[in-house]
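Remember, it's 1-based here, ligands and their atoms both numbered in the order they're listed.
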Amino acid sequence: MVDAAEVLAGDARGVARALTLVERGGREAEELLGALRGRLGHARTVGITGAPGVGKSTLVQALGIALLHGGARVAVLAVDPSSPFSGGALLGDRVRMPDFLERGGVVRSMATRGALGGLAVAASDALDVLDAAGFDWILVETVGVGQDEVEIAGEVETVVLVTVAGLGDDVQAAKAGVMEIADIFAVNKADRPGAEGQVAAIEGALAMAPAGSWRPPVIPTSATTGEGVARLATAIADHQRFLEGPGLREEARRRRARRRVERLVAALVRERIGGAQRAAFAAVLDEVGRGLLDPYAAARRLLRGIGEGEG
Ligand SMILES: Nc1nc2c(ncn2[C@@H]2O[C@H](COP(=O)(O)OP(=O)(O)O)[C@@H](O)[C@H]2O)c(=O)[nH]1
Ligand SMILES: [Mg+2]
């Protein structure tokens, strides 16, 4: 059993169990999340995204330590389906992030796709658990390659896109639609040649884009030496202050709510047509296939069936 009171008290074991529960999904997870409702909104959330190997984990650790030094409670959620730590997620993270953990940070990795709605749903629910547990900062590491990962980056308030010189991954990122969601660019491995050119290239691309009310800064960092990490932390704080502008946080919350609910509606429909409505689904597919029913009428009929089947 997972006790909402333990989560709200920030109890480490309770939080760990709650994260496992929401990753798995199901009714008990839904009940827990319901019990946490109304206790959310304290945490500041930051996404660190980018191609594999650019130094996201190293940068998250350096950032996390910088924030811990400021006296904040910091949690890291690493969402990486490409490198699951089977059964030993925490151990795997402990090995990777010793400095951060030594200083009281909390790390959790998530690789499995939850029961309903996949990884983006599970990650979003995990954010709620960590928020309710009282963390001041939640850093979310995602590999910026798939649609899921782009969606998860969209769940956080401040998105840092990490690139390195010479990978051409800025082009990949632009293709995957990540460039538009970045609030801050970090050009990591700046201890190596080419970083300045990369900074200039991104700044050039940004100058072509229509100027919004927030202009994303482009910051050279070296996660391994720590150079530029303080500047990155300052840029994140600046962006968080920017979000205090009239209505911005409310608007962001509504956008996130909309995405979450839309995702769940789509997931529930998919679950029903593969489950309780399976026979009705097969029947309309047959009719559409034989030209007896058009797909629009079929979809409406199915939706009515799902609606009637739900309490
Ligand atoms: N030279 C250099 N290497 C780095 C830097 N940041 C990370 N690395 C190295 O790059 C490799 C991948 O780092 P990691 O943080 O695991 O990348 P991720 O896949 O994006 O999470 C590791 O060997 C790091 O030590 C940096 O700023 N400079
Ligand atoms: Mg990593």
At a 4.0 Å cut-off, with the gap strictly under it, does some heavy atom of Gln61 reach an atom of ligand 1?
-> no
Could you tell me which N, O or S atom of Glu141 is nearest to the Mg ion (ligand 2)?
-> OE2
Classify the side-chain pair [X]/[Y] by whether it contains a donor and acceptor separated by less than 3.5 Å.
X      : Y      : value
Asn188 : Thr221 : yes
Thr20  : Arg108 : yes
Thr158 : Gln240 : yes

Numbering the atoms of ligand 1 from 1, which are under 4.0 Å from a heavy atom of [X]?
X      : result
Thr58  : 7 (C), 13 (O), 14 (P), 15 (O), 24 (C)
Glu141 : 21 (O)
Ala223 : 6 (N), 26 (C), 27 (O)
Arg192 : 1 (N)
Val54  : 20 (O)

Sub-3.5 Å N/O-N/O distance, [X] and ligand 1:
X     : value
Gly53 : yes
Ser57 : yes
Leu59 : no

Min over Thr142, Asn188, Val229 of heavy-atom distance to atom 6 (N) of ligand 1 lands on Asn188
Compare Asp191, Thr224, Thr49 and give the one whose heavy atom is closest to atom 5 (C) of ligand 1.
-> Thr224
Flag the pair [X] and [Y] as a salt bridge only when some basic side-chain nitrogen lies within less than 4.0 angstrom of an acidic carboxylate oxygen.
X      : Y      : result
Glu262 : Arg258 : yes
Arg255 : Glu251 : yes
Arg260 : Asp128 : yes
Arg278 : Glu271 : no

Among all residues two or more places apart in sequence or in another chain, which pass the side chain to side chain donor-acceptor pair (under 3.5 Å) test with Arg263?
-> Glu151, Glu155
Calculate, to the nearest 0.5 Å, the distance between atoms CG and NZ belonging to Leu59 and Lys189 respectively.
-> 11.0 Å
For the Mg ion (ligand 2), decide whether Ser57 has an N, O or S atom at a distance under 2.8 Å.
-> yes
